[in-house]
2 protein chains.
Amino acid sequence: MNLKELAQKLNLSPTTVSRALNGYPEVNDATRDRIMAAAKRYNYRPNTRAIRLATGRAMAVGHVFPVATKNEIMNPIFADFIAGAGEVYGANGYDMLLSVVADGAEAATYRDLKSRGAVDGVIMHAVRTFDERIATLQELGIPFVSHGRATGIEGDYSWVDVNNRRAFLRATEFLLDLGHLRIGLVNGREDMDFAIRRRTGYVDALVGRGLVPDPSLMANDEMTELAGYRAANRMLAEANPPTAFVAASMLSGMGVRRAIEGHGLKMGRDVSVIIFDDELSYLRNGDDLPIFTATRSSVRDAGRIAAQMLLDLIADPASGPLHRLLEADLILGQSTGPAPRAA
Amino acid sequence: MNLKELAQKLNLSPTTVSRALNGYPEVNDATRDRIMAAAKRYNYRPNTRAIRLATGRAMAVGHVFPVATKNEIMNPIFADFIAGAGEVYGANGYDMLLSVVADGAEAATYRDLKSRGAVDGVIMHAVRTFDERIATLQELGIPFVSHGRATGIEGDYSWVDVNNRRAFLRATEFLLDLGHLRIGLVNGREDMDFAIRRRTGYVDALVGRGLVPDPSLMANDEMTELAGYRAANRMLAEANPPTAFVAASMLSGMGVRRAIEGHGLKMGRDVSVIIFDDELSYLRNGDDLPIFTATRSSVRDAGRIAAQMLLDLIADPASGPLHRLLEADLILGQSTGPAPRAA
DNA sequence: ATAAAAAATCAAAGCGGTTTCAAAATCTTT
DNA sequence: AAAGATTTTGAAACCGCTTTGATTTTTTAT
């Protein structure tokens, strides 16, 4: 059943039917009711392809996900971010288009999406420092929202971000307050912008207390259990091992815990751990009683916010750039305790 | 730059240009070369919206992901499956459309995708026993491939699945061979079809050795760290605790390990654990030396295979239904050892 | 009752491609 | 060199909707 057929059944022109269905005012109320009823009865749904061609709008949003090429790692926050964003799209009649593309080859994908007219806007993921994608997107003139900010980019753009620096500053200060003096940082990949900001927070906290950051206590790698394990393991094997860790994710933290226990120590008693918790649905940090002390900010919420921001931006590009900085909460769990007395 | 403009620049009709670009034979080779060159030079990409309307094909595949409503849990295998499938779509000029929808409300989404003509086919995720979605999709006449089979469905349909029963049979037999007699099963949600198959494998192994499965040693819940921890913790607190576990996922296994260690025991020495490993990119089971002994089958591969199968099915619906049963490998890790001598 | 204004409806032209059918150009054959 | 066959190109219809610019109908004012 298409518009023309429906119009015929009603003895009306497609024009009037289209207007009635789209809520234009210049339609007689009685006529509109008649049309609405018929549309429902015949289960009429306008063809998306035709709407898109006629209006020039794609009614779709693109998410371009980079995959870390060297080890094919997908960012685990992906699923929850998408879940949040998808909620918003669904409620607004937008489709979500997903491209999974090799790290660094995103620009071509954006260009493609644009020239094919496949999307009205995109969400940018996994921002790197000096990320050249921002310039690409601006140049292409696609409305976009970045999940995370990029240091070193001049010019303004829309973003949603967590206050990573502040979260890690607080986490580190929390450990310092507990008397820990050697604190390991198990951070994400060095080229990721958020990792830099997190390190800055960590360093600032140390320096603020007159401590000198020790490079051997800072690791950068994928935020996986294995990488977390390796980093912590290495640090614990040092002559002057840390008594506490700040880890960049739940998974990293789980790796750190394994390393701690592998050294015959107990997390929360011998070694403290504080993580950044993205509140991933399948990686809950306990429930009533959190396993890890954490700075917490929901990725799913970030997805919702970013999606809504993008839709706003598509509706009115002049309203941008828009920004939203989310603060992480500090959650007390079982993984932190006072620093052990010096031996 | 659209087709008409490009044709004008070349002093040709849109017809010829379209044919040349789409590889039709009735175009002079010289003309074709000229057209190809111009298309490249002007960076011409046909408008997807127009192609879709003109051809009636969406050139897009839908993935409808249910979210467990009660706790909003996304299936963690999601990201890697998508990564695999996305590769195939990208290579074939297809877009991937994602809908994240509440558990149980998928039928409406399928109907919507169909009537809007938004996709040419769909991939079905998270299959439940007696899954009514299969009938819905057949009735709608959308080509589809199911990731997982559904018990209790009469009639044939296309699927890609892992031999879950066999994997759990082997895992359980492996533990039995090591002398374990009380083996806990930390399984996925009871309404998930694969969980039933896995339990069958587990039960068959026990029964095959003359053992009687103990219901108190079988748990069903989300495959999260926390749920794994809880289930194992409960079993370990029993009067006659298990000396080994079979866990449904890497995350469950990590929870089981935490429970074991919480009881002052050591995994691999006091209690053995064997997991099902989906080879998620961000949850690698060690590298050279696996942490967990596991039955292993790559979800990303499954995504690739399912996507390719769906494209084949779209190209020639009569070629189906197609099936592909993947076998899981048994991988030796550090989490299993001989059963401790009875005290 | 009639002219002017307002409201409701419609015909037709897009949107940017594909595809059918006809026409033009080139090649064979005699 | 003419007729017929084959290649190559093009005009126009179409996909299913939106939207512009009439046109018709109804209402209001004189």
Side-chain angles (χ1 to χ4, degrees), chain A residues 1-36 38-39 42-60 93-95 112-120 315, chain B residues 1-36 38-39 42-60 93-95 112-120 315:
Chain A
M1 169 68 58
N2 62 22
L3 184 65
K4 212 204 296 187
E5 289 165 16
L6 184 63
Q8 253 156 15
K9 286 215 192 296
L10 286 160
N11 269 328
L12 287 168
S13 71
T15 311
T16 305
V17 177
S18 169
R19 287 218 182 92
L21 259 23
N22 289 309
Y24 283 71
E26 63 272 58
V27 178
N28 187 304
D29 284 347
T31 313
R32 186 190 302 275
D33 291 348
R34 209 157 61 86
I35 293 173
M36 292 300 213
Y42 294 112
N43 196 27
Y44 168 75
R45 310 272 285 111
N47 183 305
T48 313
R49 297 192 281 258
I51 294 181
R52 286 177 175 161
L53 181 56
T55 60
R57 295 182 310 155
M59 291 304 286
Y94 273 75
D95 283 334
D112 187 60
L113 288 173
K114 164 74 177 185
S115 59
R116 281 170 39 216
V119 300
D120 297 318
Chain B
M1 169 68 57
N2 60 23
L3 184 65
K4 213 204 295 186
E5 289 164 16
L6 183 64
Q8 253 156 16
K9 286 216 190 297
L10 287 161
N11 268 329
L12 287 168
S13 71
T15 313
T16 305
V17 177
S18 170
R19 280 206 274 248
L21 260 22
N22 288 307
Y24 283 72
E26 64 272 56
V27 178
N28 187 306
D29 285 345
T31 313
R32 186 192 302 277
D33 291 348
R34 208 156 61 85
I35 292 173
M36 291 300 213
Y42 294 112
N43 196 28
Y44 168 75
R45 310 276 285 114
N47 183 305
T48 312
R49 299 191 282 258
I51 294 180
R52 286 176 176 161
L53 182 57
T55 60
R57 295 182 310 154
M59 292 304 287
Y94 273 76
D95 284 334
D112 186 60
L113 288 173
K114 164 73 177 183
S115 61
R116 282 169 39 217
V119 299
D120 296 319

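Since we're looking at a predicted model, the values are computed, not measured. Chain identifiers are assigned alphabetically (A, B, ...) following the order of the sequence lines, protein sequences preceding nucleic acid strands; residue numbering begins at 1 within each chain.
- The only option from Val17(B), Leu10(B), Leu12(B) that meets the side-chain contact (heavy atoms from CB on, under 4.5 Å) definition with Thr31(B) turns out to be Leu12(B).
- Partners of Glu26(A) according to the salt bridge (charged side-chain N to carboxylate O under 4.0 Å, His left out) rule, which considers only residues two or more places apart in sequence or in another chain, are Arg19(A).
- Legend: residues meeting side-chain contact (heavy atoms from CB on, under 4.5 Å) with Ala39(B), ordered by chain and number and at least two apart, are Leu6(B), Leu21(B), Tyr44(B).
- A straight line from CZ of Arg49(A) to P of dT18(C) spans 14 Å, rounded to a whole angstrom.
- Qualifying side-chain contact (heavy atoms from CB on, under 4.5 Å) partners for Asn2(B), counting only residues two or more places apart in sequence or in other chains: Lys4(B), Glu5(B).
- When the C1' atom of dA8(C) is taken as reference, atom CD1 of Ile35(A) falls 11 Å away, rounded to whole Å.
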side-chain contact (heavy atoms from CB on, under 4.5 Å) between Thr48(B) and Met59(B), worked out
CA-CA 9 Å; Thr48(B) 312; Met59(B) 292 304 287; 5.5 Å; no
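- Residues satisfying the side-chain contact (heavy atoms from CB on, under 4.5 Å) test with Asn22(B), not counting sequence neighbours, are Ser18(B), Tyr24(B).
- Identified under the side-chain hydrogen bond (donor to acceptor under 3.5 Å, both in side chains) test for residues 6-16 of chain B, with sequence neighbours left out: Ser13(B)-Thr16(B).
- For residues 2-16 of chain B, proximity to DNA chain C is found at Asn2(B), Leu3(B), Thr15(B), defined as any non-hydrogen atom under 4.0 angstrom from a strand atom.
- Summary of helix geometry: the two end axes of the helix from dA1(C)-dT30(D) to dT30(C)-dA1(D), each defined by five base pairs via their C1' atoms, are inclined to each other by 50° (rounded to 10°).
- Applying the salt bridge (charged side-chain N to carboxylate O under 4.0 Å, His left out) criterion to Arg116(A), with sequence neighbours excluded, gives Asp112(A), Asp95(B).
- The stretch residues 20-30 of chain B touches DNA chain D through Glu26(B), Val27(B), Asn28(B), each having a heavy atom within less than 4.0 Å of the strand.
- Listed pair Tyr44(A) / dG16(D) fails the phosphate criterion, with no side-chain N or O lying under 4.0 Å from OP1 or OP2.
- A donor-acceptor contact under 3.5 Å is formed by the side chain of Arg19(B) with the base of dG10(D).
- Closest approach of Ala60(A) and Arg52(A) over heavy atoms only: CB-NH2, 4.4 Å.
- No more than 12 heavy atoms of other residues, nucleotides or ligands shown are found within 6.0 angstrom of CZ on Arg57(B).
- Of all the heavy atoms in Val27(B) and Ala20(B), the pair that sits closest is CG2-N, 3.9 Å.
- Every residue two or more places apart in sequence or in another chain that forms a side-chain contact (heavy atoms from CB on, under 4.5 Å) with Ala50(B) is listed here: Leu53(A), Asn47(B).
- Across all their heavy atoms, Ala118(B) and Ala58(B) have their closest contact at O-CB, 3.3 Å.
- In the region residues 51-60 of chain B, proximity to DNA chain C at under 4.0 angstrom, judged on heavy atoms, holds for Ile51(B), Ala54(B), Thr55(B).
- Between Thr31(A) and dT9(C) there is a side-chain N or O to OP1 or OP2 distance below 4.0 Å.
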Collect all protein-nucleotide pairs involving nucleotides 22-24 of chain D in which both atoms are nitrogen or oxygen and the distance is under 3.5 Å.
none

